[in-house]
Amino acid sequence: MQCCEEQPAHPFSMSWVTAGCTKNITGFNGYAGSLFSSGPYEKDDEEADAIYAALDKRMDERRKERREQREKEEIEKYRMERPKIQQQFSDLKRKLAEVTEEEWLSIPEVGDARNKRQRNPRYEKLTPVPDSFFAKHLQSGENHTSVDPRQTQFGGLNTPYPGGLNTPYPGGMTPGLMTPGTGELDMRKIGQARNTLMDMRLSQVSDSVSGQTVVDPKGYLTDLNSMIPTHGGDINDIKKARLLLKSVRETNPHHPPAWIASARLEEVTGKLQVARNLIMKGTEMCPKSEDVWLEAARLQPGDTAKAVVAQAVRHLPQSVRIYIRAAELETDIRAKKRVLRKALEHVPNSVRLWKAAVELEEPEDARIMLSRAVECCPTSVELWLALARLETYENARKVLNKARENIPTDRHIWITAAKLEEANGNTQMVEKIIDRAITSLRANGVEINREQWIQDAEECDKAGSVATCQAIMRAVIGIGIEEEDRKHTWMEDADSCVAHNALECARAIYAYALQVFPSKKSVWLRAAYFEKNHGTRESLEALLQRAVAHCPKAEVLWLMGAKSKWLAGDVPAARSILALAFQANPNSEEIWLAAVKLESENNEYERARRLLAKARSSAPTARVFMKSVKLEWVLGNIAAAQELCEEALKHYEDFPKLWMMKGQIEEQKELVEKAREAYNQGLKKCPHSIPLWLLLSRLEEKVGQLTRARAILEKSRLKNPKNKYCLLYRVFNLWFTLNNLSTSLDKGILWSEAIFLEARPQRKTKSVDALKKCEHDPHVLLAVAKLFWSERKITKAREWFHRTVKIDSDLGDAWAFFYKFELQHGTEEQQEEVRKRCENAEPRHGELWCDVSKDIVNWQKKIGEILVLVAAKLKNTF
């Protein structure tokens, strides 16, 4: 068979492609190179790469959450299968708490199996050999009796040629270090030779003309330290960077960043002069680069920098940054003004130059310059507003009108106009200006951003422009809010303003909300509390008068108004408010009791009795009977109190406080059996009343029946298994294992007591566990504060006391401990601050607090007096 004639390969045939690309083909991925790497990279290639990159990013984001979730699960699984050593032994470490002292002492000591030399290593001591040792052996005259054969193999020392070592001419053995005739080493001459060598080196760097040395002997080491480069990088990295930057400069000498980077590299390595030379070379190669000129001016010293900047101005007469740098280099104010005015001749439309020039002028000259500035830069709001501030009232109005014509889309001009009118007493114009601003800006296509306007209102409030901030709030508070979200959003805005200390803005929000929701009790209450905390008594009373007119059935508003009058000392006004409250709410228990408290606090006991009698007849409730019993009890009418108590128990036998009062009255009369009977009867009717159980237990403890007291506590725990106080008293009687706290109820009061039942070294660990379980419990926070107090960490203790009273201001025990702490470690101002805050908070709860406040002896004590009494009873037993 004949073969076809061999044809030359086509330039685009596969054989040609594979012949040139075989070296890039792998067995797994195929061809690994780029077939078109030699072709040009055009714009459409760049767009295609960008599209593919965006697609890859999009596909990656689609699987991102799933991938992260899978990675998280894998990590958790890995940690469960291979826990850390610390986690493996955590349970054993906790069991160490159960080791007794005898078991601990019985653990044998670990011996040391090494030998004595390894246990007590002794380091070798190297002592320098004295000069006398060398001198002694030189004088001993030791000689060699044999010659090394290697010395005579090639003629040795005795050579027939003249000029050898053994010649008649003076040679190696001359007077010098070895004195002839003796073997003595002259150490004195060695010292002289060393001094001579140092003198020669110092003379080499001396000035041969003036004869003065340029080396400072005292500052020699300091000069050496100054020559050390200040960079922290490796010298090889610096050489590589220097080489790369040199290549960039040579490849593209007109690339400004290359020159700047090279100069900064040399500056960092301590070669400042080289950096200056490089950057000046850069100014020659890139004379139109602003950055290169500025870098050159920065690296050069004072006068040279001025010359560099002057040269830069000739090349770049329109550069604002170079003019600013030139003004900064000048030290004289007149020279700065001259530079900036020259700059404004070349660049009259630069706002930055105008601002810098105006800042150097006096007010009158500044006003003239600003008049010219707004002509050159009519779109700069800052220049218009600055000119308006320097002008008179009439001229300022004209300036602002012109500014609105030139810049109809900026809100600051309108706000400044409103503030101008308010400052000159035209408060009626403020509302109109703000309304016109909203209308005009919308007509010019500006979107009204509610948050920005509220921020502007807060700034006006802080600047003292009250009318302007209130007008802004009224204008924008309802923009962009759904009707059902208005109340919630406005209350949040008011809270935000209070947090930013913009009180007038918050007051404006509340006023607007009350106009929209006049019958909302919650809004009136929020506004009343705001006025109570941040306003005056007059503003609070005016608000409450309006509130009760719109919400006459809101008892709390009536009571707040009466209390405000009572605290101000106006008792008749408080009575009249309560009388009006009676008319609006004829059978309100709260109003009856408030009237009784008002009379009893002002020593009008007969009035209080009559009011309570009317209340028992018209609105007989358990609390009314309780207050009646307490009034007779504190006034010493024990028989009347017992009679009222018996009458009340006929109607409200399931009210535990009546049984408590009956038992306490019997205890006061020292009738233990009757008191025990009263408590037992009360527990039959109210088995879930914890105070009743505790009172009975304390009664048994007081008479010495500790076993019976424990039995009562155990019985109360069985009746109320989930009550924290029952568990707590069981702890105190050692019937509860503290180690099981983590598996029991997460009650803060239990954790707080558990902290101080631990030994002192373990308290911090227990406090950390308590915070993990009950992070926001006031009892735990109080325990941590006391822990820092016991460790004398005063600042941290004060911080934790603040956290405690902030989380629960009704806990009287926290206030008492805080006050006791300040009495020991605080100043008089800090003590007074705690006392005032406690009086404003009016705490009502707390075991120690209630023991004092509910004592009959202290029934007329104020909050501040009770605080002092409770703090005096506290003892630092922790």
Side-chain angles (χ1 to χ4, degrees), residues 411 414-415 418-419 421-422 426-439 441-442 448-461 464-561 564 577 580-581 584:
R411 67 184 189 280
W414 292 94
I415 295 173
K419 292 166 69 175
E421 297 296 340
E422 181 182 357
N426 297 332
T427 54
Q428 69 276 5
M429 288 293 297
V430 174
E431 193 84 25
K432 296 180 181 178
I433 290 174
I434 298 299
D435 292 339
R436 289 177 188 171
I438 300 294
T439 306
L441 290 173
R442 281 177 171 168
I448 304 301
N449 190 318
R450 184 172 175 274
E451 284 72 21
Q452 288 181 353
W453 281 87
I454 291 177
Q455 187 176 358
D456 293 334
E458 291 178 357
E459 293 176 359
C460 292
D461 187 0
S465 302
V466 177
T468 303
C469 81
Q470 292 179 346
I472 293 173
M473 281 297 182
R474 286 191 292 269
V476 304
I477 194 68
I479 295 177
I481 300 178
E482 298 293 336
E483 186 173 353
E484 59 270 13
D485 297 334
R486 289 183 300 175
K487 177 186 169 185
H488 176 70
T489 305
W490 291 344
M491 295 302 102
E492 286 186 349
D493 292 336
D495 293 339
S496 175
C497 290
V498 172
H500 297 156
N501 201 26
L503 302 181
E504 293 299 331
C505 292
R507 187 172 282 112
I509 292 173
Y510 281 124
Y512 188 84
L514 290 172
Q515 290 178 4
V516 179
F517 305 108
S519 59
K520 288 286 186 180
K521 171 186 168 183
S522 60
V523 180
W524 284 108
L525 273 176
R526 295 281 292 266
Y529 283 124
F530 170 77
E531 293 295 343
K532 179 183 177 182
N533 295 327
H534 304 285
T536 61
R537 184 175 60 85
E538 292 78 10
S539 64
L540 173 61
E541 292 175 357
L543 179 71
L544 289 172
Q545 287 180 1
R546 293 167 49 209
V548 295
H550 288 89
C551 303
K553 297 297 182 182
E555 300 171 358
V556 63
L557 297 174
W558 291 103
L559 296 178
M560 287 181 70
S564 178
I577 290 174
L580 294 173

Between atom CG of Asn449 and atom CG of Leu441, what is the distance when rounded to the nearest 0.5 Å?
-> 12.0 Å
Got more than 12 heavy atoms from elsewhere within 6.0 Å of CZ, Phe517?
-> yes
Using modelled atom types only, decide if a donor and an acceptor are shared between the side chain of Ser564 and the backbone of Met560 within a distance under 3.5 Å.
-> no
Are more than 12 heavy atoms from other residues, nucleotides or ligands located less than 6.0 Å from atom CD of Glu482?
-> no
Would a 4.5 Å heavy-atom cut-off, applied to side chains only, mark Ser522 and Lys487 as touching?
-> yes
Could you grab the distance from atom SG of Cys505 to atom CD of Gln455, nearest 0.5 Å is fine?
-> 11.0 Å
Inter-residue atom distance Ile472.CD1 - Glu458.CD, 0.5 Å rounding = 10.5 Å
Under 3.5 Å, side chain of Trp524 to main-chain N/O of Leu543, donor-acceptor pair present?
-> no
Determine the minimum heavy-atom distance between Pro552 and Ala549, stating which atoms define it.
-> CD-O, 4.1 Å
With a 4.5 Å limit on heavy-atom distance, are the side chains of Glu531 and Arg507 in contact?
-> yes
Minimum-distance pair of heavy atoms, taken over all atoms of Ala471 and Val430 | CB-CG1, 3.9 Å
Over all atoms of both residues, closest heavy-atom pair of Ala506 and Ala494 | CB-O, 3.8 Å
Under 3.5 Å, is there a donor-acceptor pair between the side chain of Trp490 and the main chain of Ile477?
-> yes
Heavy atoms, side chains only, cut-off 4.5 Å: are Lys521 and Val556 in contact?
-> yes
From CG (Asp456) to NZ (Lys419), nearest 0.5 Å = 9.0 Å
Flag the pair Cys551 / Leu557 as yes when at least one side-chain heavy-atom distance between them is below 4.5 Å, and no otherwise.
-> yes
Output yes when a side-chain donor or acceptor of Ser465 lies under 3.5 Å from a complementary backbone atom of Asp461, and no otherwise.
-> no
Working to the nearest 0.5 Å, report the span between CD of Glu421 and OG1 of Thr468.
-> 9.5 Å
Does any N or O in the side chain of Arg486 come within less than 3.5 Å of the main-chain N or O of Glu483, such that one atom is a donor and the other an acceptor?
-> yes
Could you go step by step and tell me if Arg537 and Glu541 meet the salt bridge (Lys or Arg N to Asp or Glu O under 4.0 Å) rule?
-> CA-CA 6 Å; Arg537 184 175 60 85; Glu541 292 175 357; 2.9 Å; yes
Should Cys497 and Leu503 count as side-chain neighbours, where that means a heavy-atom distance under 4.5 Å?
-> no
Derivation and outcome, side-chain contact (heavy atoms from CB on, under 4.5 Å), residues Asp495 and Arg526 | CA-CA 10 Å; Asp495 293 339; Arg526 295 281 292 266; 2.8 Å; yes
Do Ile479 and Val476 have side-chain heavy atoms sitting under 4.5 Å apart?
-> yes
Shortest non-hydrogen pair, Trp453 vs Ala437, comes out as CH2-CB, 4.3 Å
Euclidean distance, Arg436 CZ relative to Trp414 CH2, rounded to 0.5 Å = 7.5 Å
With a 4.5 Å heavy-atom cut-off, do Ile481 and His488 have their side chains touching?
-> no
Hey, which of Ile433, Asp435, Ile434, Thr427 is the one that makes side chain to side chain contact (heavy atoms under 4.5 Å, CB included) with Glu431?
-> Asp435
Between the side chain of Glu422 and the main-chain N/O of Ala467, is any donor-acceptor distance below 3.5 Å?
-> yes
